[in-house]
Enquirer: 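This is the structure I want to talk about, given as structure tokens.
Proteins get letters first, then strands, A, B, ... in listed order; numbering begins at 1 in each.
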Amino acid sequence: MRIPILKLQQYLLISVQVDLDDQTALQFQEDLLNKIHQEGSAGVVIDLTSVEMIDSFIAKVLGDVVEMSNLMGARVVMTGIQPAVAITLIDMGIILDDVPTALDLEQGLEKLQQELEE
Amino acid sequence: MSVQSSVEVHTEWGIVSARQAGRNLAKEIGFGSVDQARVTTAISELARNIYLYAEKGEIIIETIEQYHSSGAKKGIKITAKDRGPGIKNIREVMEDGFTTSGGLGAGLPGVKRLMDDFDIDSVVGEGTVITAVKWLR
Ligand SMILES: Nc1ncnc2c1ncn2[C@@H]1O[C@H](COP(=O)(O)OP(=O)(O)O)[C@@H](O)[C@H]1O
Ligand SMILES: [Mg+2]
């Protein structure tokens with residue numbers, strides 16, 4: 001399974017529609033970095049509205065994606081994290097620090113715009 | 001009556017099946033969305049540890065009941081069993097951030113905090129049995 005990556009002007013948009021299994025998560029990591037490189041994207045929004053569970057492995061993959069994207073010059077914003085997912089991550093002691101977040105896709109795009117103007 | 005399901009874990013797909021089985025049972029017995037996520041996440045962590053450190057094993061998910069003078073309470077019990085290398089120092093693996101695989105080291109201490117009861121029984125060279133219970137509030 002592959003997660004579709006959409007292009008919108010200088011941004012990439014990803015809406016994760018399923019709970020991620022390991023293989024899909026790692027494939028996504030690779031696909032996104034390649035796409036950023038190809039398109040020279042300035043920013044990425046990863047929308048997690050439909051994701052009902054993030055365990056420590058997926059959290060690590062997502063954290064790494066953000067760090068790697070930043071290294072390549074693209075800002076990443078994560079949006080739509082469900083309350084249950086946020087609570088579970090905190091219970092587990094997993095803090096996705098340095099990861100900008102927003103409530104939904106629209107606000108995510110706004111946040112990117114702001115960050116890129118700074 | 002107790003409902004029980006058992007999932008063999010020897011591939012990554014076993015991790016996915018185990019957490020789906022857990023999610024379904026948690027929903028069925030009436031856990032809210034946050035506790036459903038806690039149970040599912042705990043199963044995912046335990047199943048991945050089996051896959052990573054013991055290669056194969058089993059996740060058993062069942063409903064349990066406990067009787068009190070004031071009534072009965074219901075819960076979900078997860079048992080993760082493997083015949084892998086075992087854990088030498090249990091105190092060490094329960095520390096936040098301790099990992100031998102470049103992971104986050106958040107799995108076992110995380111499961112303990114996500115669930116209400118937690119127990120590790122491990123013998124080096126023989127294997128590991130971890131049980132965790134979440135009670136319905
Ligand atoms: N079933 C198991 N059998 C043997 N060792 C285990 C098992 N589960 C966990 N461990 C050991 O405990 C450590 C901590 O596990 P965990 O908290 O899940 O963090 P992580 O998986 O990120 O390393 C692992 O790195 C591993 O050395
Ligand atoms: Mg682990």
Enquirer: Should we say atom NZ of B/K56 is surrounded by more than 12 heavy atoms from elsewhere, each under 6.0 Å from it?
Expert: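 Atom NZ in B/K56 is not packed in, count stays at 12 or less.
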Enquirer: Does A/L48 share a hydrophobic cluster with A/I90, counting links as ILVMFWY side-chain heavy atoms below 4.5 Å and allowing steps through other members?
Expert: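 No; A/I90 is not reachable from A/L48 via cluster members.
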Enquirer: Could you look at B/R38 and say if it's the side chain, the backbone, both or neither that has a heavy atom under 4.5 Å from chain A?
Expert: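 Looking at B/R38, backbone and side chain both touch chain A.
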Enquirer: Determine, step by step, whether B/V111 and A/M92 satisfy the side chain to side chain contact (heavy atoms under 4.5 Å, CB included) criterion, reporting the C-alpha distance in whole Å, the side-chain angles of both residues, the deciding distance to 0.1 Å, and the verdict.
Expert: CA-CA 7 Å; B/V111 172; A/M92 302 250 298; 5.8 Å; no
Enquirer: Is it true that atom CD of A/E115 has more than 12 heavy atoms of other residues, nucleotides or ligands lying nearer than 6.0 Å?
Expert: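 It does: A/E115 CD has more than 12 such atoms within range.
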Enquirer: Indicate yes or no: does A/D22 engage B/R48 in a salt bridge with an N to O separation below 4.0 Å.
Expert: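 The answer is yes: the pair qualifies as a salt bridge.
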Enquirer: Applying a strict under-4.5 Å side-chain criterion to I, L, V, M, F, W and Y, I'd like to know whether A/I81 and A/I54 cluster together.
Expert: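 Same cluster.
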Enquirer: Excluding sequence neighbours, so at least two apart, what forms salt bridge (charged side-chain N to carboxylate O under 4.0 Å, His left out) with A/R2?
Expert: A/D31
Enquirer: Go through the structure and list residues passing side-chain hydrogen bond (donor to acceptor under 3.5 Å, both in side chains) with B/W13, not counting sequence neighbours.
Expert: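 Counting only residues at least two positions away or on another chain, B/W13 forms no side-chain hydrogen bond (donor to acceptor under 3.5 Å, both in side chains).
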Enquirer: Are B/V34 and A/L89 connected in the hydrophobic side-chain network, where two residues link if heavy atoms are under 4.5 Å apart?
Expert: no
Enquirer: Distance check, rounded to the nearest 0.5 Å: A/F57 atom CZ versus B/N49 atom CG?
Expert: 12.0 Å
Enquirer: Under 4.5 Å from any heavy atom of chain B, what part of A/L20 do you find: side chain, backbone, both or neither?
Expert: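 The backbone, not the side chain.
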Enquirer: Quick check for you: to the nearest 0.5 Å, what is the distance between A/I58 atom CD1 and B/L104 atom CG?
Expert: 11.0 Å
Enquirer: What heavy-atom pair brings A/K60 and B/G102 nearest, and what distance separates the two atoms?
Expert: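 Heavy atoms only, the tightest pair is CE-O, 3.2 Å.
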Enquirer: When you look at CD of A/Q9, are more than 12 heavy atoms from neighbouring residues, nucleotides or ligands closer to it than 6.0 Å?
Expert: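 No, because the 6.0 Å sphere around CD of A/Q9 holds 12 heavy atoms or fewer from other groups.
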Enquirer: Flag yes if more than 12 heavy atoms outside B/E55 fall under 6.0 Å of its CD atom; otherwise flag no.
Expert: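 Not buried by this count: 12 neighbours or fewer within 6.0 Å.
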Enquirer: Which residues, numbered in order, of residues 113-137 of chain B come under 4.5 angstrom of chain A by heavy-atom distance?
Expert: B/R113, B/L114
Enquirer: Name the region of A/Q82, side chain, backbone, both or neither, that has any atom closer than 4.5 Å to a heavy atom of chain B.
Expert: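 Contact with chain B involves no heavy atom of A/Q82 at all.
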Enquirer: Walk me through it: do B/R19 and A/D55 pass the test salt bridge (charged side-chain N to carboxylate O under 4.0 Å, His left out)?
Expert: CA-CA 11 Å; B/R19 65 194 191 202; A/D55 65 12; 3.7 Å; yes
Enquirer: Counting only heavy atoms from other residues, nucleotides and ligands, does the tally under 6.0 Å from CD of B/Q66 exceed 12?
Expert: yes
Enquirer: For A/E52 and B/R23, which heavy atoms make the closest approach, and how far apart are they?
Expert: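 Nearest heavy atoms, A/E52 then B/R23: O-NH2, 3.0 Å.
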Enquirer: Report yes or no: do B/E45 and A/S56 form a side-chain donor-acceptor pair below 3.5 Å?
Expert: yes
Enquirer: Who else is in the cluster with A/L112 when I, L, V, M, F, W and Y are joined by side-chain contacts under 4.5 Å?
Expert: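 When side chains under 4.5 Å apart are linked, the cluster holding A/L112 also contains A/L6, A/L8, A/Y11, A/L13, A/V45, A/V77, A/L105, A/L109, A/L116.
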Enquirer: If I take atom OG1 from residue B/T11 and atom CG from residue A/D21, how far apart are they, to the nearest 0.5 angstrom?
Expert: 10.5 Å
Enquirer: Hydrophobic clusters here meaning ILVMFWY residues chained together by side-chain heavy-atom distances under 4.5 Å, can you tell me if A/M53 and A/V65 are in one?
Expert: no
